[in-house]
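To start, the structure under review is shown below, and the notes come after it.
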Amino acid sequence: MKITNKYNLPEPLVRTVTWAVEHYEGPTARQVLDTRTISVTTLINPPRITMLRALHADDLEVDASDLLYMVQGIAFHFMMAEVGFSDASEYLQEERFSAMFRGWKVSGQYDVFGGGTISDWKWTSVWAVVSPKFEWEAQLNLYAWLSRLNGREVTKLETWAMLRDWS
């Protein structure tokens, strides 16, 4: 994917956005097929879109300005990881689980787990809450499935939506 800079954003910001995209993108479609490993977030996306993005990755262009919200979410997760919960806290964060299903390795990483609750944190628009997203529910249910297969007792699922454009 090529990152453009139509609005002449400062170069350090464009470099930061580019770094985030390079480190945030998952494996290519070929890697997924070769390893038979798929992440929860890839699994819940529409397959046709996933394949088209993979097939045309070198042809795609996106402006850095359109990726700023994504970078905000990544930065939030980095800060959570930096704060850490490695003390005697009841909370675990960013823990990755995997399980085999019909010859495929399915992996996922929830944001926070504590007291039997898996919490997913979203920086999003008001419209994402007004028109609920099926993907959020599917993502949490897959995290719960993976967690249970890996010995965690899950009793509750929740999404915390931090709304960036409400008034």
Side-chain angles (χ1 to χ4, degrees), residues 1 3 9-28 31-32 35 37-46 49-50 53-54 57 60 62-99 105-129 131-166:
M1 175 185 321
I3 309 295
L9 296 176
E11 183 63 24
L13 181 56
V14 175
R15 285 185 185 189
T16 301
V17 168
T18 302
W19 178 90
V21 168
E22 290 171 355
H23 287 82
Y24 187 72
E25 284 188 355
T28 66
Q31 290 168 325
V32 168
T35 63
T37 300
I38 192 163
S39 71
V40 164
T41 51
T42 300
L43 191 59
I44 64 174
N45 285 334
I49 291 174
T50 300
R53 280 186 182 145
L60 295 176
V62 65
D63 194 70
S65 64
D66 293 326
L67 298 170
L68 294 177
Y69 286 135
M70 180 193 74
V71 172
Q72 181 183 26
I74 292 170
F76 177 75
H77 286 283
F78 277 156
M79 287 186 290
M80 281 184 64
E82 190 65 28
V83 168
F85 298 114
S86 59
D87 57 5
S89 172
E90 67 174 289
Y91 296 102
L92 301 170
Q93 69 183 48
E94 306 287 341
E95 192 169 34
R96 180 161 292 282
F97 284 119
S98 63
K105 182 179 180 182
V106 179
S107 80
Q109 181 173 314
Y110 52 66
D111 293 341
V112 177
F113 177 82
T117 300
I118 294 177
S119 301
D120 194 46
W121 301 43
K122 307 279 189 197
W123 288 91
T124 190
S125 160
V126 169
W127 294 108
V129 176
S131 302
K133 295 193 170 238
F134 159 80
E135 297 87 3
W136 294 1
E137 184 179 342
Q139 182 181 22
L140 281 170
N141 278 298
L142 283 165
Y143 290 159
W145 173 73
L146 286 171
S147 297
R148 288 178 181 125
L149 288 176
N150 283 275
R152 293 253 187 262
E153 183 179 338
V154 179
T155 57
K156 182 178 175 184
L157 305 172
E158 63 185 15
T159 298
W160 286 94
M162 277 70 74
L163 306 178
R164 60 180 179 243
D165 57 358
W166 67 283

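Heads up: numbering here begins at 1 and tracks the sequence.
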Open item on the list: Among residues at least two apart in sequence or on other chains, which ones pass side-chain hydrogen bond (donor to acceptor under 3.5 Å, both in side chains) with T117?
Closed with: none
Task: T35 vs K105 side-chain heavy atoms within contact, under 4.5 Å - done: no
Identify every side-chain donor-acceptor pair in residues 65-79 under 3.5 Å, counting partners at least two apart or on other chains, and give the distances.
unit_1: S65; atom_1: OG; unit_2: D63; atom_2: OD2; d: 2.6
unit_1: H77; atom_1: ND1; unit_2: E94; atom_2: OE2; d: 2.8

Task: salt bridge (Lys or Arg N to Asp or Glu O under 4.0 Å) contacts touching residues 134-144 (sequence neighbours left out) - done: none
TODO: Would you name the heavy atoms of A161 and V129 that are closest together and state the gap between them?
DONE: CB-CG2, 3.9 Å
- [ ] Quick one: closest heavy-atom pair of T159 and W136, and the distance?
- [x] CG2-CE3, 3.7 Å
TODO: Please identify each residue that fulfils side chain to side chain contact (heavy atoms under 4.5 Å, CB included) with P10, with sequence neighbours left out.
DONE: P12, L13
Open item on the list: Among residues at least two apart in sequence or on other chains, which ones pass side chain to side chain contact (heavy atoms under 4.5 Å, CB included) with S107?
Closed with: S39, R96, S98
- [ ] Sequence neighbours left out, what passes ring pair (Phe, Tyr, Trp, His ring centres under 6.0 Å) with Y143? Give chain and number order.
- [x] none
- [ ] Kindly compute the distance separating CZ (R53) from OG1 (T42), expressed to the nearest 0.5 Å.
- [x] 10.0 Å
- [ ] Just jot down the salt bridge (Lys or Arg N to Asp or Glu O under 4.0 Å) partners of K156, sequence neighbours excluded, or say none.
- [x] E158
- [ ] Mind listing the closest non-hydrogen atom pair of S125 and L163 along with its distance?
- [x] O-CD2, 3.8 Å
Task: Audit row: V112, W121, side chain to side chain contact (heavy atoms under 4.5 Å, CB included) steps and yes/no - done: CA-CA 8 Å; V112 177; W121 301 43; 3.8 Å; yes
Task: Partner set under side chain to side chain contact (heavy atoms under 4.5 Å, CB included) for L157, not counting sequence neighbours - done: I118, L140, N141, A144, V154
- [ ] Enter the distance from L9:CG to R15:CZ here, rounded to the nearest 0.5 Å.
- [x] 14.0 Å
Task: Enclosure of K122 NZ (heavy-atom neighbours >12, cutoff 6.0 Å) - done: yes
Task: W160, CH2 atom: more than 12 neighbouring heavy atoms under 6.0 Å - done: no
Task: Pairs touching residues 144-154 that satisfy side chain to side chain donor-acceptor pair (under 3.5 Å), sequence neighbours left out - done: E95-R152
Open item on the list: If I compare all heavy atoms of G108 with all of V40, which pair ends up nearest, and what's the gap?
Closed with: CA-CG2, 3.8 Å
Task: Partner residues of A57 under the side chain to side chain contact (heavy atoms under 4.5 Å, CB included) criterion, sequence neighbours left out - done: none
Open item on the list: Within this structure, what is the CD1-NZ distance for the pair I44 and K133, rounded to the nearest 0.5 Å?
Closed with: 10.0 Å
